[in-house]
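Below is one structure, written out as structure tokens; comments come after it.
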Amino acid sequence: MSEMFKRVNGTLLLDTSRPALDRAAAIIRGGGLVAFPTETVYGLGAAANDSNAVTKIFLAKGRPADNPLIVHISSPNQLTMVAEDIPDMAYDLAAKFWPGALSLVLKKAESVCAEVSAGLDTVAVRMPDHNTALKLIKLAKVPIAAPSANRSGKPSPTSYRHVLEDLSGRIDAVITDDGCAIGVESTVLDLSSHKPVILRPGGVSREELEDALHLKILVSGHKNRQGVPSSPGMKYRHYSPSAPLILFTGNKKRCEYVTNKIASAFRRKGLKVGVMNCFCGTGKDSFYRSQQIAADLYRDLRKMDLQNVDIIIAQASGNYGIGLAVMNRLRKAATRIIRVC
Ligand code: AMP
Ligand code: MG
């Protein structure tokens with residue numbers, strides 16, 4: 001019998017029809033890897049209770065084994081399948097922000113395998129706001145552990161084409177849907193110690209969380225007071241295109257003046273220069289602009305690779321709303337950061 005679905009280098013391309021999603025769910029249940037869309041970025045999923053399957057995620061991505069994964073569930077009722085001693089605050093936040101781009105770090109339940117949490121006794125969990133993702137989790141009948149579906153270190157994928165660029169032939173299937181509308185990953189909020197702390201800024205803003213909880217929320221530095229990385233993933237360079245990226249930050253007008261001069265100097269030397277303008281602004285009036293910049297960020301970084309630029313000059317500032325996440329990703333992608341005063 002001929003195969004119903006196409007393949008690229010052996011990776012199945014599955015659409016969002018019921019037979020295709022049934023196939024994707026069967027692959028997950030059988031210990032395989034399926035890349036699927038979420039409202040943040042594409043995820044690379046495996047059954048969260050299957051050590052062998054989860055280990056395959058690390059191998060396919062080339063991800064360091066000490067960088068834990070986020071577990072995706074299809075309803076807040078499944079929280080107790082993956083976490084224990086869940087504080088009321090977690091239920092309150094789930095009621096307000098799920099489905100959505102907020103991952104909560106909680107005490108891990110036994111059923112989640114140690115590989116998912118990279119040996120930590122906590123687990124990050126979220127319910128994504130994407131119909132295809134939710135259908136897949138329901139059909140698979142198991143929580144799905146999923147990091148972003150890119151090769152480690154590269155910009156995260158916001159389309160199935162990006163997933164294929166990085167992982168075709170290394171994973172069993174990709175669901176060919178789109179709709180990663182937010183464009184940057186979820187906010188990781190640690191609720192496992194006495195005060196909530198943002199370990200990674202993302203799709204749900206600090207301001208939204210502060211409004212919901214009526215308290216100030218800290219955004220963690222990379223290390224805690226004992227010098228241990230509080231969120232292991234944050235210690236690695238990330239989100240990087242192949243060309244070196246110089247990030248200019250600070251006053252917009254001054255940045256534009258300086259970067260124009262520098263870009264011209266590089267061009268005179270015969271270099272192909274890519275310029276990215278990611279000024280998100282610092283107040284409420286910048287809300288829509290920063291959402292758009294976030295939505296395009298990884299696609300634009302990947303475009304730089306496709307255009308074979310020699311050097312990328314990014315200009316950016318912003319600490320409001322999703323602007324904080326954009327700055328966080330650009331800082332991690334940068335080979336050099338220059339503050340222009
Ligand atoms: P990714 O899924 O590739 O977007 O990466 C997941 C992010 O969540 C990484 O920065 C991880 O370090 C972080 N993370 C996942 N689980 C935990 C956890 N249990 N404690 C702290 N950070 C976590
Ligand atoms: Mg990632």
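If you read the sequence from its start, that first residue is 1, and numbering goes on from there. Both counts, for ligands and for their atoms, begin at 1 and track the order of listing. Just so you know, these numbers use all the heavy atoms, side chains as well, and skip hydrogens, waters and symmetry mates.
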Flag, side chain of [X] to backbone of [Y], donor-acceptor distance under 3.5 Å:
| X | Y | result |
| --- | --- | --- |
| Arg336 | Ile246 | no |
| Asp190 | Val197 | no |
| Ser111 | Met81 | yes |

Give the numbers and elements of all ligand 1 atoms closer than 4.0 Å to a heavy atom of [X].
| X | value |
| --- | --- |
| Ser148 | 1 (P), 2 (O), 3 (O) |
| Val188 | 8 (O) |
| Pro147 | 2 (O), 3 (O) |
| Leu69 | 15 (C), 16 (N) |
| Asn67 | 9 (C), 11 (C), 12 (O) |
| Glu185 | 4 (O) |

Under 2.8 Å: N/O/S of Tyr239 next to the Mg ion (ligand 2):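 Coordinating: no.
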From Val184, Ile57, Leu199, Leu189 - option closest to atom 21 (C) of ligand 1 by heavy atom: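 Considering heavy atoms of Val184, Ile57, Leu199, Leu189, the nearest to atom 21 (C) of ligand 1 sits in Leu199.
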Selection from Leu106, Thr122, Asp66 by shortest heavy-atom distance to atom 20 (N) of ligand 1: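 The option holding the nearest heavy atom is Thr122.
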Under a 3.5 Å cutoff, is there a donor and acceptor pairing between the side chains of [X] and [Y]?
| X | Y | answer |
| --- | --- | --- |
| Thr132 | Thr16 | no |
| Arg126 | Thr40 | yes |
| Ser148 | Glu185 | no |

Looking only at heavy atoms, is any part of [X] under 4.0 Å from ligand 1, and if so is it the side chain, the backbone, or both, or is it neither?
| X | answer |
| --- | --- |
| Val41 | neither |
| Asp190 | neither |
| Lys108 | neither |
| Arg63 | side chain |

Cationic N near anionic O, under 4.0 Å, [X] to [Y]:
| X | Y | answer |
| --- | --- | --- |
| Asp296 | Arg299 | yes |
| Arg161 | Glu165 | no |
| Lys96 | Asp92 | no |

Give yes if a backbone or side-chain nitrogen or oxygen of Lys61 is under 3.5 Å from a nitrogen or oxygen of ligand 1, and no if not.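 Checking ligand 1 against Lys61, no N or O pair falls under 3.5 Å apart.
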